[in-house]
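Below you'll find the structure, written out as structure tokens, and then a few comments.
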Amino acid sequence: MLPRTPYPRGSLRLRLNLLVAGLNLVFLTALTWLLVDSHRSSIQEEVEAAHRVTVQMLGTAVQTSPVFGPVPAVMVNFLQSLGRVRANEIRLYSADGVLRYNSPPSTYKAGRRAPQWFARLMQPRLAATVIGLQGARIEIVPDASRAELDAWDSVSAIFLLGLAFVAVLHMALLWFLRRLLRPTEADARRLVATTQELAENREVTRLIQAGIEDERKRVARELHDELGQSVTAIRLIATSIARGGDDGQAAGVAPGAAKINEIAAGLYDSVHRIVRELRPAVLEQPDLAAALADLGREWRVRHQDIELLLELEGDLGDLGEALTLAAFRSVQEALTNVLKHAAARRVRLAVGRHGGRLEAVVEDDGSGSAADLGGSGHGLVGMRERVAALGGSLEAAPRAEGGFRVRIVLPLPGDSE
Ligand SMILES: Nc1ncnc2c1ncn2[C@@H]1O[C@H](COP(=O)(O)OP(=O)(O)OP(=O)(O)O)[C@@H](O)[C@H]1O
Ligand SMILES: [Mg+2]
């Protein structure tokens, strides 16, 4: 299973959903409005034309009707034979206001009407026309209800079709986006690796901070112990000389000065030693061979019971500060580990240039098989970090023939071999 991704893809998908839905809605509304507007003008024009023709035709009929007999009866006959006129209602009233004739309803889409709100939206701006004649009057009322129903059928069909199309489009787009946004397995693995790397970096930073604090405390202790006593002694002698001087006893001055000189010399040595410790020789002049030779000499003086074999190969004097320091510190930690964990009798330190790489091996004949590499130690982690920062690699494992072996390999800058 893929690990969960740490960024909120859900909310991104929701926002895309809303955006697509909004755009679709705007598109549908615009389309519907265009349709409604075009139908409205065509209804106005159609009903107006039909009304004008009807009024003209009935006007002519009214002028000729007296020739055929009593007006209302002749007109009723005429209108009955005429039947329904397109988009108009025709009513005939006698002089006393009695409805004598009403044109029949349209049989086209009989029994159906457009919804009231839609019909009101479409209604043409036309008034009824009244034609007066002797003993009667004809009312011609424009009737757009069929045209409105046609418009309603057409607009609602296109709207529903558009809605279905837009919905399908929306689904397809979201499906595509979901596929596009789904993190691949490689993405997820990269994220996990980056998260782990970050956690390790945090741990290394914490260790560095702790190391700095420890180092500060150690320097404070050294300064207090080495310098505090000497400076106090000098002050005491100086005070005593000053008192003796007041009493006129100048005899104590020479021994006092000699004592101060002696303490100052010791003080100088202490300062020198502290400075040397704070700035290891390897930083003063980045010559790995010289630094390792010093380390070997020191080892032989301090740890006479563990034999050190030192093998240096190739020119190690021009590796640059970063590489020299990384190699030196790694070797230092590996040797400290031999002292701490190995109970070894012999240790071999081999450092050399091989091709375009610097290789350093520290191996001992101690109790490597009991090594606890999954423990809470930070030495190997720090070494690995140092080496990785320079593009190198580190191996640390028990040896098959007994003991423990650490091997680091660092690429040499500018060496293309
Ligand atoms: N030369 C060695 N012989 C036997 N075991 C070793 C040797 N070097 C390292 N180890 C094992 O590897 C473990 C990890 O070493 P690492 O230097 O990371 O931690 P540490 O020395 O225990 O603690 P730290 O270095 O933080 O003071 C050690 O605890 C030890 O068990
Ligand atoms: Mg260690």
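Every number for a ligand or one of its atoms is a count from 1 in the order of the listing.
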Under 6.0 Å from the CZ atom of R300, do we count more than 12 heavy atoms belonging to anything else shown? yes

At under 4.0 Å between heavy atoms, what of V406 touches ligand 1? The answer is neither

Among non-hydrogen protein atoms, atom 27 (O) of ligand 1 lies closest to K340 NZ, 2.7 Å

Ligand 1 to L373, heavy atom cutoff 4.0 Å, flagged ligand atoms 12 (O)

Rounding to 0.5 Å, atoms CG (L308) and CG (D364) come to a distance of 11.5 Å

Among non-hydrogen protein atoms, atom 6 (C) of ligand 1 lies closest to H341 CB, 3.7 Å

among protein heavy atoms, the one nearest atom 13 (C) of ligand 1 is D372 O, 3.4 Å

Atoms of ligand 1 under 4.0 Å from any heavy atom of E333, numbered from 1 in the order shown, are 17 (O), 25 (O)

Nearest heavy-atom approach of P142 to I140 is CD-O, 3.8 Å

Closest to atom 14 (C) of ligand 1 among protein heavy atoms sits L380 CD1, 3.8 Å

> With distance as the sole test, does R386 use its side chain to make a donor-acceptor pair with the main-chain N or O of R329 at under 3.5 Å?
Replying inline: no

among protein heavy atoms, the one nearest atom 17 (O) of ligand 1 is N337 ND2, 2.8 Å

inquiry  = Checking the side chain of T205 only, and the main-chain atoms of N201 only, is there a donor and an acceptor separated by less than 3.5 Å?
reply    = yes

Under 4.0 Å from one or more heavy atoms of A371, ligand 1 contributes atoms 5 (N), 11 (C), 31 (O)

inquiry  = Under 3.5 Å between any N/O of S367 and any N/O of ligand 1: does that happen in this structure?
reply    = no

With respect to the Mg ion (ligand 2), please indicate if N337 possesses an N, O or S atom at a distance under 2.8 Å. yes

Salt bridge (Lys or Arg N to Asp or Glu O under 4.0 Å) with E363: of R348, R407, R346, only one passes, and it is R348

Here the gap from I260 atom CD1 to L267 atom CG, rounded to the nearest 0.5 Å, amounts to 11.5 Å

(request) Applying salt bridge (Lys or Arg N to Asp or Glu O under 4.0 Å), run through R189 and E185 and close with a yes or a no. (result) CA-CA 6 Å; R189 242 181 268 123; E185 211 163 313; 3.3 Å; yes

Of all protein heavy atoms, the one nearest atom 26 (O) of ligand 1 is H378 N, 2.7 Å

For H341 and S367 the tightest heavy-atom approach is O-OG, 3.2 Å

re atom 1 (N) of ligand 1, the protein heavy-atom contact at minimum distance is D364 OD2, 2.9 Å

The atom name of the N, O or S atom in E333 nearest to the Mg ion (ligand 2) is OE2

Check: K109 main-chain N/O paired with R146 side-chain donor or acceptor under 3.5 Å: yes

Exercise for the section: Report yes if some N/O of A370 lies less than 3.5 Å from some N/O of ligand 1; otherwise report no. Expected result: no

In short, S330 meets V387 closest at the heavy-atom pair OG-CG2, 4.1 Å

The closest protein heavy-atom partner of atom 19 (O) of ligand 1 is G377 CA, 3.2 Å

Purely on distance, is any nitrogen or oxygen of F404 under 3.5 Å from one on ligand 1? no

